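This report concerns only the one structure given below.
Sequence lines set the chain letters: A, B, ... in the order given, protein chains first and strands last, and positions in each chain run from 1. Just the heavy atoms: all of them, side chains too, but no hydrogens, waters or symmetry mates, feed the values below. On a predicted model such as this, the values are computed, not experimentally measured, just so you know.
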Amino acid sequence: MATENGLTRKETSTPAERMERRRTVPPPVDIYENGDEVLVIADVPGASPDGITVRLDKDELFVHARCNGEGPGECVLGAPRGADYGRTFLVPRGIDADKIAADLKSGVLTIHLPKSEAMKPRKIAVRAS
Amino acid sequence: MDSERPTSNGSSNGHGAAEKFATVPLRGRTGEVYLPPADVVETDGTFVIHVELPGIGANSIDVRTEQGKLHVTAERPRPQVGSGRVVSVERIHGWFERSFDLPSTVDSARIDARYDNGVLTLTLPKLEAARPRFIEVKVSN
């Protein structure tokens with residue numbers, strides 16, 4: 001970073017000038033379902049736990065994982081890392097929005113979408129008359 | 001110059017996160033072998049290779065050097081679904097393998113491997129003789 005007078009970025013720049021455009025790629029995702037929940041599993045290598053956003057808005061599930069760019073150096077093979085992951089899903093009714101949970105382990109994001117009580121399969125006892 | 005940079009002998013179209021996993025024909029193993037996305041960054045003193053291997057424990061990744069090549073192999077087992085229903089599968093499971101030609105300027109005895117957030121980071125220090133050096137210019141009067 002240049003530190004000479006006049007070359008440093010002025011802190012008085014407008015919010016629009018400080019805006020950062022970031023590249024986003026959709027991660028590969030597996031979806032599983034059992035009686036209690038829908039499970040969404042996404043590969044997000046390079047994402048850190050504090051950069052994860054999972055949000056359900058009406059019937060849309062937004063998943064975003066932020067990646068830190070790499071350190072100094074010139075990329076000589078492949079593309080520089082630093083794209084974020086982002087994907088949106090349409091979620092069927094009957095997901096308990098308050099109980100959505102997500103965890104990140106070794107670059108794999110697992111999102112648990114618990115079914116509301118009304119959605120869960122129920123066994124109805126058949127009585128003999 | 002270019003010949004002293006690590007090259008992937010799997011394919012030349014490594015495009016980082018956006019790269020699709022490419023398949024290479026199997027050899028001596030059951031199932032397919034996949035090529036994980038990788039990129040190489042060069043600084044004055046090192047080459048740094050990032051290989052995307054999400055969901056694989058550090059213990060399940062094998063990194064070795066052999067005859068001027070650096071090999072990375074790892075296995076990601078298929079998930080246990082149990083009684084659940086599979087709705088869609090996009091993630092790849094099975095064997096991952098990628099090899100790089102080591103430049104002669106790399107000190108292969110001091111290669112460091114680290115696994116963090118699903119990314120394997122290999123740091124390859126350059127030999128002292130291959131690093132750029134600053135030479136002081138003296139005034140002779």
Side-chain angles (χ1 to χ4, degrees), chain A residues 22-52 65-87 89-92 103-110 112-113 115 121, chain B residues 1-2 4-8 11-21 36-58 60-61 76 78-93 100-101 103 115-121:
Chain A
R22 296 184 64 84
R23 210 158 52 86
T24 304
V25 294
V29 166
D30 290 353
I31 302 173
Y32 300 100
E33 179 181 5
N34 63 30
D36 295 325
E37 62 178 8
V38 176
L39 209 58
V40 177
I41 306 174
D43 279 345
V44 291
S48 53
D50 53 354
I52 304 285
R66 183 140 181 197
C67 282
N68 296 322
E70 43 191 301
E74 182 201 355
C75 193
V76 294
L77 177 76
R81 306 186 50 76
D84 296 335
Y85 299 97
R87 207 153 164 184
F89 303 87
L90 283 178
V91 172
D103 64 89
L104 179 72
K105 193 175 170 239
S106 300
V108 177
L109 178 66
T110 304
H112 300 265
L113 303 166
K115 294 180 184 177
Chain B
M1 268 308 272
D2 280 353
E4 290 304 323
R5 286 172 170 174
T7 52
S8 165
S11 91
S12 57
N13 63 342
H15 291 306
E19 181 191 14
K20 290 271 186 293
F21 285 72
D39 54 61
V40 182
V41 174
E42 182 176 8
T43 67
D44 283 349
T46 58
F47 289 104
V48 181
I49 304 177
H50 304 275
V51 188
E52 293 184 1
L53 294 168
I56 299 171
S60 309
I61 302 174
R76 180 155 87 167
R78 227 151 251 298
Q80 301 298 315
V81 185
S83 59
R85 186 170 76 93
V86 179
V87 181
S88 87
V89 176
E90 297 172 354
R91 298 160 67 237
I92 285 169
H93 298 90
F100 302 88
D101 292 325
Y115 183 72
D116 210 13
N117 287 331
V119 178
L120 174 71
T121 301

Less than 4.5 Å to any heavy atom of chain B: does that hold for the side chain of Pro27(A), its backbone, both, or neither? backbone

Run the side chain to side chain contact (heavy atoms under 4.5 Å, CB included) test against Ser48(A) and tell me which residues pass, sequence neighbours left out. Asp50(A), Asn68(A), Asn117(B)

With sequence neighbours left out, write down each residue that passes side chain to side chain contact (heavy atoms under 4.5 Å, CB included) with Thr46(B), or none if nothing qualifies. Thr43(B), Val48(B), Thr123(B)

Between Ser106(A), Gly107(A), Gly35(A), which shows the greatest number of heavy-atom pairs under 4.5 Å with chain B? Ser106(A)

Bottom line for Ile41(A): the part with an atom under 4.5 Å from chain B's heavy atoms is both

Quick check: do Glu52(B) and Asp43(A) have side-chain heavy atoms less than 4.5 Å from each other? no

Would you confirm whether Tyr115(B), through its side chain, and Leu53(B), through its main-chain N or O, come within 3.5 Å as a donor-acceptor pair? yes

